[in-house]
Protein chains: 2
Amino acid sequence: MVTIYDIAQKVGTTHATVSRALRNDQRISAKTRARIQAVAKRLNYRPNVLARGLSGGRTQALGVLWDFAPYMPSGEMARRIATDAQKRGVVPYIADTTRNIEVILGMLHEFANRGVDGVVVQISGSIEVNRELTESLRQFRAAMLVTREELDIEMDQVVHDRMRAVQQAADCFIQSGRTRPGMAIPLSTTAKKLSTFVEEVRHCGLDVPPEAILDIGTEEQVGRHCYELLRSRFPDGRVPFDSLFCSADEIAIAAISWLKTMRIRVPEDVAVIGFNDSEGGRFFDPPLASVDRKDQQVSEAIDRMIHQRLEHPDLPVRREVIEMEFVRRRSAG
Amino acid sequence: MVTIYDIAQKVGTTHATVSRALRNDQRISAKTRARIQAVAKRLNYRPNVLARGLSGGRTQALGVLWDFAPYMPSGEMARRIATDAQKRGVVPYIADTTRNIEVILGMLHEFANRGVDGVVVQISGSIEVNRELTESLRQFRAAMLVTREELDIEMDQVVHDRMRAVQQAADCFIQSGRTRPGMAIPLSTTAKKLSTFVEEVRHCGLDVPPEAILDIGTEEQVGRHCYELLRSRFPDGRVPFDSLFCSADEIAIAAISWLKTMRIRVPEDVAVIGFNDSEGGRFFDPPLASVDRKDQQVSEAIDRMIHQRLEHPDLPVRREVIEMEFVRRRSAG
DNA sequence: GTGAAAGCGCTAACAT
DNA sequence: ATGTTAGCGCTTTCAC
């Protein structure tokens, strides 16, 4: 392992000068700087991140705290963030929030302990951003929240907004004359998605009756779960809804599959909308209406904002809103 | 931030004793150990990973190098590894191999530099495990390869084997009397998957003619790509295959969708098999035959083996084979 | 513009 | 069984 001492010796100076030169400190004469950097490159020098972090420098590490619920394609987001970071020479630590504030605080402590330059925290479900959390976040050079709706907090935010898309989905049902909307959703964690839909429906003078709400649970295999639920709950095929809003395409596809076996036509008898706009849905019969999460735009925004914050610590706090997009297809009526 | 000095002072001893006591060094009397650990807990002490790593200790960090090809649900694997690690109090760094040996070597250097306790490297596509790579891997306390087939290397391996499943897929076509098998696959990276299929087909006296091979490319939206490819290549619906093996369910679903528009029946006229056994496929019409990757078993094996290696450095080298499983459904004929 | 020296929080060899 | 001391590789005052 090559150290700054090795370089100093080769160049005939001290490690302090090398340290400065390598970080392009303008006080070091351009000439020595160039010489030192050349030697560093020749020796294939790589700064020891542990030492650098320990003495207060940057670690080129990022802490990512994401909600890795198994019923969501959330791993793909982790991948996006990781590959974006890698392009900047940054390596991300990745951990699961488990939608638990205590876990989040613990991991932030852990990240701080590891000297990460910045953190990205997804605020999902019922996590409340309290004082303790913001305090904890402020210790980092850069901290970014990825939220579901704009939070009134002095902190960089990427708002991953589903509101408008969900409203459009509801309107779509209404416009095609549906009067008994239903939902298939993991109740415990999608309170927000649910309530936006319900609110919009109510706003149009309708309601989502309790018997038309299917709680899918939060495990893997949401599709199978939905199918079983429908089968056991409506053995005769008489369903209490004429439209069904699902929190994932897999759920929607399973539901449609069951409806077909019951000779219930989609969308004529029951309109169905999924979520996440997965590739499979587009080619389903009927093509599945869904919501495009715009994940790539979200990861780009995260990458850009974290990077800017690190480069310009004094920039004013920023919020960037990425709106998911309702994709109307035949299944929605 | 609480340090071992703080604890030492509180307990009335030196930092060295605290350091030992906290790592349960048996030379420290049970009594002092207990006292020190109690105080540490009370003060909510957390060892500084950077300092610990710098002086040669463990960092409870894991380096994960995975092939994050955008046309694969590989992010889900990252998530699995991350959540498994988290349960052990380990935090993973996650990076993309980009299927490039230079990148892998660079990242391993980076991981070493960060003092990770162990690394997990997925060997995919055409990566060759050469001497330089094995050398680099040996510097870690624990190093594990996740390979596609058993590699004759003295190193812990989880073999994620697709061979048998692909053979079964081929046999399935043959048994249902197909004579003109085709494939839809990203050619550049799935040489192996391809050749296993081709070999098995040949073994049965048939062949996969070049015109029956669709190169899907390696970008996102493989389904859409496949659809467009079929449409432009066979505008009249006359296809040179009576069965189609696809490297992802999305591709298979898109293909079936196109076949339907051409009034080609699945599986009667063309049998189709996908890959990854995604939830959507099961509920497709016809239900999509596919290959279950057994990802959970793979992540469990990785977690277990890495952990064991760290706890017992002298264990003999081990290999664990996880076989993917062919899932026969109606689309396969 | 550069060097000397202290210190980040920990581990471990060497004392006692 | 515990204390002393010397690093680990870097950043950062403080001198000159």
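Within every chain, numbering begins at 1; the chains are lettered A, B, ... in the order of the sequence lines, protein sequences first and strands thereafter. Remember, it's a predicted structure, so these values are computed and weren't measured experimentally.
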If we check salt bridge (charged side-chain N to carboxylate O under 4.0 Å, His left out) with A:D117, which of these qualifies: A:R88, A:R309, A:R141? A:R141
Between the side chains of A:T134 and A:R138, is a donor N or O closer than 3.5 angstrom to an acceptor N or O? no
Is the shortest side-chain N/O distance from B:T17 to OP1 or OP2 of D:dG3 below 4.0 Å? yes
Nearest whole Å is fine: how far is D:dA1 C1' from B:D25 CG? 10 Å
Specify the separation, in whole Å, of atom CD of A:Q9 and atom C1' of D:dG9. 15 Å
A:R79 versus B:S74, side-chain donor and acceptor atoms under 3.5 Å: yes
Would you give the length of the straight line joining atom CG of A:L65 to atom CE of A:M107, rounded to the nearest 0.5 angstrom? 5.5 Å
Pairwise distance CG(A:D303) to CD(A:Q86) - rounded to 0.5 angstrom: 12.0 Å
Measure CG/A:L54 against C1'/D:dC8 and give the value in whole Å, please. 9 Å
Gap between atoms CG and C1', on B:L50 and D:dG9 respectively (whole Å): 12 Å
With rounding to the nearest 0.5 angstrom, report the CD to CD distance, B:E220 to A:Q296. 6.0 Å
Sorted by number, residues from residues 28-41 of chain B placing a heavy atom under 4.0 Å from DNA chain D are B:I28, B:S29, B:T32
Filtered N/O pairs between nucleotides 10-13 of chain D and protein, under 3.5 Å:
from	atom 1	to	atom 2	distance (Å)
D:dC10	OP1	A:Y45	OH	2.5
D:dC10	OP1	A:N48	N	3.2
D:dC10	OP2	A:I4	N	2.7
D:dC10	O2	A:S55	OG	3.2
D:dC10	N4	A:Y5	OH	3.0
D:dT11	OP1	A:R23	NE	3.2
D:dT11	OP1	A:R52	NE	2.8
D:dT11	OP1	A:R52	NH2	3.4
D:dT11	OP2	A:S19	OG	2.4
D:dT11	O4'	A:S55	OG	3.0
D:dT11	O4	A:H15	NE2	3.1
D:dT12	OP2	A:R23	NH1	3.4
D:dT13	O4	A:R20	NH2	2.5

Euclidean distance, A:T97 OG1 relative to A:W66 CH2, rounded to 0.5 Å: 10.0 Å
Under the criterion side chain to side chain contact (heavy atoms under 4.5 Å, CB included), which of B:N113, B:V116, B:L133 is the partner of B:L108? B:L133
